[in-house]
Amino acid sequence: MTDRTKLVLASGSPRRLALLEQVGIRPDYLLPADIDEEPTRGETPRALATRLARTKAEVVRRSIERDPDYDGALVLAADTVVAVGRRNLPKAELTDEAERCLRLLSGRAHRVYTGICVATAGGASRHKLVETRVRFKRLSEAEIADYLASGEWRGKAGGYAIQGLAGSFVVKLVGSYPNVVGLPIHETVSMLSGAGYQVRRNWADTLAMSE
């Protein structure tokens, strides 16, 4: 592969895009994968995050494999799962879902898993699972009500966004912080580099833009 290798991000998440751009990686295309993200019966959080990332990468890879615009492109996919024990918490879309998540997380530890997959044009893939442990303070009724009113939880795994208001709930974090945001940067950069993507090709431009 050359430094002209294109990168397709199989996600529409602004958080993942911002994390990539933070380290100078600018995907050439954003192609969210439309898949069923419901866990199968008895599926563990670790297995769910891994399966969804691999499925997203493969779905997008197949959709672009005959398109000359994507010739030789890498596909990066990820999925983040918040879990208490073996229980998968939803990506909250309804207030009731978010409230249940917050009450379950209040005053206790939970784990955040992100599965990452990098698929090549030839059909090969690399995948990794990253785990972070997080503990919340005990939340008061007022804190829960105010956070629900903010709407920040909508569409977030576990019903919260650590990079926003919910950062004030965290009393302990062990592992990768960007993993909880939605994409573990160190591991992602290592995987892309291993697949032949020139991660640092935009660093000079990034510096120039910041001056």
Side-chain angles (χ1 to χ4, degrees), residues 1 3-35 37 49-50 52-64 67 69-70 72-82 90-93 112-121 125-130 132 150-167 175-211:
M1 295 182 184
D3 61 359
R4 297 177 62 82
T5 300
K6 293 179 180 178
L7 178 64
V8 178
L9 179 60
S11 172
S13 166
R15 300 174 299 283
R16 292 194 178 114
L17 181 59
L19 286 167
L20 288 172
E21 291 180 339
Q22 175 184 317
V23 291
I25 298 174
R26 303 187 193 113
D28 297 280
Y29 304 101
L30 304 180
L31 292 177
D34 184 15
I35 66 169
E37 298 190 15
T50 299
L52 292 181
R54 296 178 70 172
T55 301
K56 289 177 179 180
E58 182 60 18
V59 165
V60 171
R61 187 194 68 79
R62 288 182 178 177
S63 73
I64 66 174
D67 190 330
D69 289 339
Y70 300 100
L74 296 175
V75 176
L76 170 63
D79 193 86
T80 300
V81 173
V82 175
K91 291 182 173 67
E93 295 294 347
V112 180
Y113 300 97
T114 299
I116 321 163
C117 185
V118 176
T120 69
S125 65
R126 300 163 180 257
H127 53 89
K128 190 174 184 64
L129 182 73
V130 179
T132 302
S150 77
E152 182 185 76
W153 49 267
R154 197 175 303 278
K156 308 296 193 304
Y160 76 94
I162 195 172
Q163 71 276 22
L165 303 172
S176 167
Y177 171 82
N179 181 52
V180 186
V181 179
L183 190 67
I185 289 299
H186 167 69
E187 292 81 1
T188 300
V189 167
S190 295
M191 290 176 67
L192 288 173
S193 295
Y197 185 77
Q198 298 297 311
V199 172
R200 297 185 298 278
R201 64 180 177 176
N202 293 320
W203 279 17
D205 293 340
T206 299
L207 178 61
M209 291 171 62
S210 66
E211 293 179 342

Open item on the list: Is it the case that the side chain of Thr50 and the backbone of Gly115 share a donor-acceptor pair, with hydrogens and angles ignored and the cut-off at 3.5 Å?
Closed with: no
Open item on the list: Is it true that, when you exclude Lys128 itself, more than 12 heavy atoms of the residues, nucleotides or ligands shown sit nearer than 6.0 Å to its NZ?
Closed with: no
Open item on the list: Under 3.5 Å, is there a donor on one side chain and an acceptor on the other for Arg16 and Thr80?
Closed with: yes
- [ ] Would you check if Tyr70 and Val60 make a side-chain contact, meaning some heavy-atom pair closer than 4.5 Å?
- [x] no
TODO: Measure the shortest side-chain to side-chain distance between Ile162 and Val181 over non-hydrogen atoms and say whether it is less than 4.5 angstrom.
DONE: yes
Task: Side-chain heavy-atom pair Lys91, Lys156 within 4.5 angstrom cut-off - done: no
Open item on the list: Are there over 12 heavy-atom neighbours, none belonging to Asp34, within less than 6.0 Å of that residue's CG?
Closed with: no
Open item on the list: If we ignore hydrogens and angles and just use 3.5 Å, is the side chain of Asp28 paired with the main-chain N or O of Leu7 as donor and acceptor?
Closed with: yes
Task: Whether Lys6 side chain and Tyr29 backbone form a donor-acceptor pair below 3.5 Å - done: no
- [ ] Report yes if the side chains of Leu20 and Thr188 come closer than 4.5 Å at any heavy-atom pair, otherwise no.
- [x] yes
- [ ] To the nearest 0.5 angstrom, please state how far the CE atom of Met191 sits from the CD atom of Glu187.
- [x] 9.5 Å
TODO: May I ask you to check whether over 12 heavy atoms, not counting those of Arg54, lie within 6.0 Å of atom CZ?
DONE: no
